[in-house]
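Working notes, structure below.
Here the structure is a predicted model, which is why all the values come from computation and not from measurement. Chain letters run A, B, ... following the sequence lines, proteins first and then strands; every chain starts at 1.
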2 protein chains.
Amino acid sequence: MARTPTTHDPFNAVAEPKRRQVLEILGANELSVSEMVELLGWSQPTVSKHLGVLKQVGLVSERRVGRQRLYRVNAERLKSIHDWVSPFERFWNESYDRLDEVLQVVQEKEK
Amino acid sequence: MARTPTTHDPFNAVAEPKRRQVLEILGANELSVSEMVELLGWSQPTVSKHLGVLKQVGLVSERRVGRQRLYRVNAERLKSIHDWVSPFERFWNESYDRLDEVLQVVQEKEK
DNA sequence: TGCAAATATTCCTATATCGGAATATAATAG
DNA sequence: CTATTATATTCCGATATAGGAATATTTGCA
């Protein structure tokens with residue numbers, strides 16, 4: 001068995017750094033392929049192919065205007081990643097450390 | 001050129017669903033390989049191999065006790081994922097929609 | 001010393017990838 | 001209708017998987 005295809009889910013699609021970059025430059029905007037080629041400095045087929053993966057997995061949507069294709073981020077598809085990783089946030093977030101300290105103090109007092 | 005190796009960074013390591021499951025059952029605990037084999041119902045080599053990837057990328061750390069190896073999550077290594085995805089949160093989070101509404105009202109009044 | 005438990009590693013194979021180069025397709029202008 | 005712009009697709013090759021089966025390694029115990 002091989003690795004799960006990049007088009008299988010957002011986790012796999014976003015594992016490729018260039019695809020993350022595409023989503024970053026898109027942000028809240030709508031950009032054409034040639035604008036992205038300009039901004040990213042990659043070849044046009046490279047940009048189109050990454051957009052193809054992102055589109056298949058639903059991370060971007062496409063709108064045709066003349067001979068251009070305008071892409072935008074479909075951010076809800078990133079929610080699954082956020083939801084998965086968020087529970088771990090408490091392990092590096094300082095405010096949770098503070099909470100632990102407070103709880104320790106409370107426990108001390110209860111002895 | 002091939003796909004970025006799974007051991008290259010947390011994004012690639014975590015793209016595999018089974019490795020996410022391993023991190024989930026570990027949570028805040030420390031588990032031996034055989035406990036994970038028991039909990040997950042996978043073959044021992046499968047568990048060990050996924051742990052190997054997670055360890056190489058720094059997502060888990062290992063402690064040897066007798067002939068057991070106890071693993072625990074190194075959650076800070078997930079921070080990069082959280083940091084990358086968080087800026088997109090505003091696109092699906094309702095409270096931001098509310099904020100937008102408030103801002104619109106303010107803008108209306110300023111006219 | 002020698003067996004058993006706990007874990008890691010090797011060997012195997014089918015399968016996708018990513019980028020470059022070349023080419024195909026679609027839409028507009030003249 | 002033809003040339004041109006904008007974008008997608010195909011063909012190529014080197015590379016790394018993931019799981020199963022078998023085996024190796026390490027440690028503890030009698």
Rounded at 0.5 Å granularity, tell me how far NZ in Lys79(A) sits from OG in Ser86(A).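 Going from NZ on Lys79(A) over to OG on Ser86(A), the span is 9.0 Å.
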Out of [options], whichever nucleotide has its closest atom nearest the side chain of [X]:
{"X": "Thr7(A)", "options": "dA22(C), dG19(D), dT17(C)", "value": "dT17(C)"}
{"X": "Gln44(A)", "options": "dA8(D), dT17(D), dA14(D)", "value": "dA8(D)"}
{"X": "Pro5(B)", "options": "dG19(C), dT17(D), dT9(C)", "value": "dT17(D)"}
{"X": "Lys49(A)", "options": "dT7(C), dG20(C), dA21(D)", "value": "dG20(C)"}
{"X": "His50(B)", "options": "dG19(D), dA8(D), dA6(C)", "value": "dG19(D)"}

Once you round it to whole Å, what is the distance between [atom2] of [N] and [atom1] of [X]?
{"X": "Asn12(B)", "N": "dA16(C)", "atom1": "CG", "atom2": "C1'", "answer": "14 Å"}
{"X": "Met1(A)", "N": "dT15(C)", "atom1": "CE", "atom2": "P", "answer": "10 Å"}
{"X": "Arg64(B)", "N": "dA6(C)", "atom1": "CZ", "atom2": "C1'", "answer": "12 Å"}
{"X": "Asp9(A)", "N": "dA16(C)", "atom1": "CG", "atom2": "C1'", "answer": "14 Å"}
{"X": "Leu51(A)", "N": "dT9(D)", "atom1": "CG", "atom2": "P", "answer": "11 Å"}
{"X": "Glu62(A)", "N": "dT25(C)", "atom1": "CD", "atom2": "C1'", "answer": "14 Å"}
{"X": "Gln68(B)", "N": "dA8(C)", "atom1": "CD", "atom2": "C1'", "answer": "15 Å"}
{"X": "Glu16(B)", "N": "dG19(D)", "atom1": "CD", "atom2": "C1'", "answer": "10 Å"}

Report the residue (Arg69(B) or Ser32(A)) whose heavy-atom-nearest nucleotide on DNA chain D is the more 5′ of the two.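 It is Ser32(A), whose closest nucleotide lies nearer the 5' terminus.
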Any side-chain N or O of [X] under 4.0 Å from OP1/OP2 of [N]?
{"X": "His8(B)", "N": "dA16(D)", "value": "no"}
{"X": "Lys18(A)", "N": "dG19(C)", "value": "yes"}
{"X": "Tyr71(B)", "N": "dA6(C)", "value": "no"}
{"X": "Thr6(B)", "N": "dT17(D)", "value": "yes"}
{"X": "Arg19(B)", "N": "dA18(D)", "value": "yes"}
{"X": "Ser34(A)", "N": "dT7(D)", "value": "yes"}
{"X": "Thr46(B)", "N": "dA18(D)", "value": "no"}

So for atom CD, which belongs to Glu38(B), do other residues, nucleotides or ligands contribute more than 12 heavy atoms lying within a distance under 6.0 Å?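 No.
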Which residue lies more 5' along DNA chain C, comparing Val33(B) with Val65(A) via nearest heavy atoms: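 This one resolves to Val33(B).
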Arg3(A) vs Leu70(B), nearer the 5' end of DNA chain C by closest nucleotide: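 The answer here is Leu70(B).
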So does Arg67(A) reach the base of dT7(D) with its side chain, donor to acceptor, closer than 3.5 Å?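 No pair found.
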Is a side-chain donor or acceptor of [X] paired with a backbone partner of [Y] at a separation under 3.5 angstrom?
{"X": "Arg77(A)", "Y": "Val57(A)", "answer": "yes"}
{"X": "Arg69(B)", "Y": "Glu62(B)", "answer": "no"}
{"X": "Glu35(B)", "Y": "Ser32(B)", "answer": "yes"}
{"X": "Arg64(B)", "Y": "Leu70(B)", "answer": "no"}

Using a 4.0 Å heavy-atom cut-off, does Thr4(A) contact any base of the nucleic acid, only the sugar-phosphate backbone, or nothing at all?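 The answer is nothing, as Thr4(A) stays clear of every strand by at least 4.0 Å.
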